[in-house]
2 protein chains.
Amino acid sequence: MTEGTQSQLDAVTVSQSPIERFEEYLQSRKLRITDQRRFLVEQVFSRHEHFDADQLIDQLPRKGHANYVSRPTVYRTLKEFVDAGLLRSFELNGRSVYEHDYGYPEHDHFYCVKCHALLEFQSEQLIQLRDEVAKQHRFRVRSHRFIIQGVCDACNRQSSRMRRKQDLV
Amino acid sequence: MTEGTQSQLDAVTVSQSPIERFEEYLQSRKLRITDQRRFLVEQVFSRHEHFDADQLIDQLPRKGHANYVSRPTVYRTLKEFVDAGLLRSFELNGRSVYEHDYGYPEHDHFYCVKCHALLEFQSEQLIQLRDEVAKQHRFRVRSHRFIIQGVCDACNRQSSRMRRKQDLV
DNA sequence: ATCGTTGCAAACGTTTTGCATAAGG
DNA sequence: CCTTATGCAAAACGTTTGCAACGAT
């Protein structure tokens with residue numbers, strides 16, 4: 001069984017909160033439970049959307065205010081979240097995008113090139129296909145990233161509406 | 001029919017060389033056929049492997065020598081190759097990776113996290129699955145990127161061999 | 001003659017680093 | 001008290017830009 005699949009199973013099976021899981025991870029590595037780390041877990045799991053480092057920082061208190069966390073610490077902590085299995089990350093347009101891994105079902109994405117929305121979908125068949133192909137090539141799967149680029153339903157409707165009214169694209 | 005699929009069909013159907021196709025593309029957009037562009041097409045299509053901008057630049061003549069092409073021009077031209085349908089690009093570890101699109105069959109990748117090799121595989125089923133899922137979500141497909149991360153056969157064999165001899169991971 | 005292209009240097013946006021200070025265990 | 005974590009400033013990284021000189025059409 002692959003690591004990717006393993007952590008997925010944990011995610012749905014186990015009933016720990018993200019903070020609990022992270023503290024366990026930190027303790028197992030003799031790392032420290034700090035105010036910043038606690039606060040960031042809380043912030044990151046308060047919303048379900050995909051986000052990048054800047055979006056997270058924007059939602060955090062500014063310098064001089066309570067619970068301020070510096071930019072380097074945000075980056076360092078995001079990496080730890082990925083290691084701890086709380087988040088997954090992938091790259092889009094030159095920056096890292098994060099999403100919940102822990103306690104969140106496995107899925108893949110549509111990426112709309114017009115509105116830049118990331119939409120999720122699930123496909124059990126895809127996992128089967130992945131594992132089959134990997135087996136044929138004797139490749140041990142750890143995880144995968146599948147992004148379908150194109151135009152989402154909303155943008156499709158909008159551009160056909162515009163085409164009718166004016167002659168903008 | 002999606003744009004991605006369209007250019008694939010062209011690629012296998014048409015019998016133009018990459019340079020011919022690129023010149024046609026340039027002419028259609030009233031862009032110019034320069035020494036640098038000609039030279040870069042030649043270089044890029046002289047090898048079949050995946051590459052990034054730095055790897056390409058390393059294989060090019062140095063400053064002061066014949067056929068020197070500056071870094072910005074390499075970047076600008078790689079973008080044009082993608083527009084022209086000669087290359088496709090995707091992001092890996094924070095940089096853009098390019099591969100032949102024109103005259104090369106559609107495929108996806110295994111990425112070995114140990115040796116960092118990119119291995120190709122083809123799956124007709126994957127395309128069908130992609131189009132099916134997209135249809136269900138009324139998403140108009142332009143292209144996709146599917147990367148399976150894990151450990152390749154060679155690295156698997158190597159690490160089991162080492163485990164037997166010593167007790168290195 | 002025009003207008004796209006090049007090379008240079010400098011900027012860019014994102015992420016990482018070295019280091020002194022702070023704080024968890 | 002020991003060591004890890006933090007914030008700061010600065011660097012690093014891959015890539016892009018403004019601009020003057022150059023060159024294709």
Side-chain angles (χ1 to χ4, degrees), chain A residues 19 22-44 50-84 87 89-98 116, chain B residues 19 22-41 43 50-84 87 89-98 116:
Chain A
I19 299 137
F22 191 48
E23 297 196 344
E24 199 170 283
Y25 164 88
L26 292 172
Q27 276 160 359
S28 75
R29 303 223 180 176
K30 302 206 166 74
L31 302 176
R32 288 167 185 174
I33 300 165
T34 64
D35 290 349
Q36 289 90 334
R37 283 176 176 151
R38 257 193 300 260
F39 183 69
L40 287 176
V41 178
E42 194 187 291
Q43 289 299 304
V44 157
H50 304 90
F51 63 94
D52 61 27
D54 267 328
Q55 288 170 324
L56 175 57
I57 289 165
D58 282 350
Q59 111 182 26
L60 259 34
R62 311 288 166 204
K63 198 187 297 200
H65 295 69
N67 288 319
Y68 168 70
V69 182
S70 71
R71 179 170 287 273
T73 295
V74 169
Y75 277 99
R76 287 187 277 236
T77 308
L78 285 172
K79 238 175 212 163
E80 291 164 351
F81 287 171
V82 172
D83 282 355
L87 297 182
S89 72
F90 54 103
E91 291 171 33
L92 199 60
N93 299 328
R95 61 220 178 345
S96 288
V97 176
Y98 298 86
H116 302 124
Chain B
I19 300 138
F22 191 48
E23 296 195 345
E24 201 170 283
Y25 165 86
L26 292 172
Q27 275 160 0
S28 75
R29 303 224 180 173
K30 300 207 165 73
L31 303 176
R32 288 167 186 175
I33 300 165
T34 64
D35 290 348
Q36 289 90 333
R37 283 174 175 152
R38 257 193 299 260
F39 184 68
L40 287 176
V41 179
Q43 289 297 306
H50 305 89
F51 63 94
D52 60 28
D54 268 327
Q55 289 171 324
L56 175 57
I57 289 165
D58 282 350
Q59 108 182 30
L60 260 32
R62 311 289 163 202
K63 198 187 296 197
H65 296 68
N67 288 319
Y68 169 69
V69 182
S70 71
R71 180 170 288 272
T73 295
V74 169
Y75 276 100
R76 288 186 276 236
T77 308
L78 284 173
K79 239 175 211 159
E80 291 165 352
F81 288 170
V82 172
D83 281 355
L87 296 182
S89 71
F90 54 103
E91 291 172 34
L92 197 60
N93 298 327
R95 64 223 176 345
S96 287
V97 176
Y98 298 87
H116 302 123

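The sequence lines fix the lettering, A, B, ..., with proteins before strands; numbering per chain opens at 1.
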Would the distance check show the side chain of [X] and the main-chain N or O of [Y] forming a donor-acceptor pair, the cut-off being under 3.5 Å?
X     : Y     : value
B:Q55 : B:D52 : yes
A:T77 : A:T73 : yes
A:E91 : B:N93 : yes
B:Q59 : B:L56 : no

### Message
Students often get this wrong, so: under 4.0 angstrom with heavy atoms, is A:D54 touching a base, only sugar-phosphate, or nothing?
### Response
sugar-phosphate

### Task
Would you classify A:R32 as touching base, sugar-phosphate or nothing, given that sugar-phosphate means primed atoms plus P, OP1 and OP2, and contacts are heavy atoms under 4.0 Å?
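Base contact.
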
### Along DNA chain D (nearest heavy atom to each residue), the more 5'-positioned of B:K79 and B:I33
B:K79

### Task
Assign each of A:S70 and B:G94 to its nearest nucleotide of DNA chain D by heavy atoms, then name whichever residue's nucleotide is nearer the 5' end.
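Looking at the nearest nucleotide for each, A:S70 comes out on the 5' side.
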
Using whole Å, what does the distance between atom [atom2] of nucleotide [N] and atom [atom1] of [X] come to?
X     : N      : atom1 : atom2 : value
A:L78 : C:dT14 : CG    : C1'   : 13 Å
B:K63 : C:dG7  : NZ    : P     : 10 Å
B:N93 : C:dT15 : CG    : P     : 13 Å
A:D35 : C:dA23 : CG    : P     : 9 Å
A:F51 : C:dT14 : CZ    : P     : 15 Å
B:R76 : C:dT6  : CZ    : P     : 7 Å
B:R38 : C:dG4  : CZ    : C1'   : 15 Å
A:L92 : C:dT15 : CG    : P     : 12 Å

Presence of [X] side-chain N/O under 4.0 Å of [N] phosphate oxygens OP1/OP2:
X     : N      : result
B:R37 : C:dT5  : yes
A:S96 : C:dT15 : yes
A:Y75 : C:dT16 : no

### Range on DNA chain D touched by chain B, heavy atoms, distance below 4.0 Å
D:dG14 to D:dT25

### B:F22 vs B:I33 side-chain heavy atoms within contact, under 4.5 Å
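A side-chain contact under 4.5 Å is absent here.
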
#### Entry: Contact check, side chains of A:V44 and A:Y98, non-hydrogen atoms, under 4.5 Å
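No, side chains not in contact.
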
### Task
Just compare C:dT6, C:dG24, C:dT15 and give me whichever is closest to any side-chain atom of A:T34.
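Among C:dT6, C:dG24, C:dT15, the one nearest the side chain of A:T34 is C:dG24.
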
### Query
When you check the gap from the basic side-chain N to the acidic O, do B:E23 and B:R37 get nearer than 4.0 Å?
no

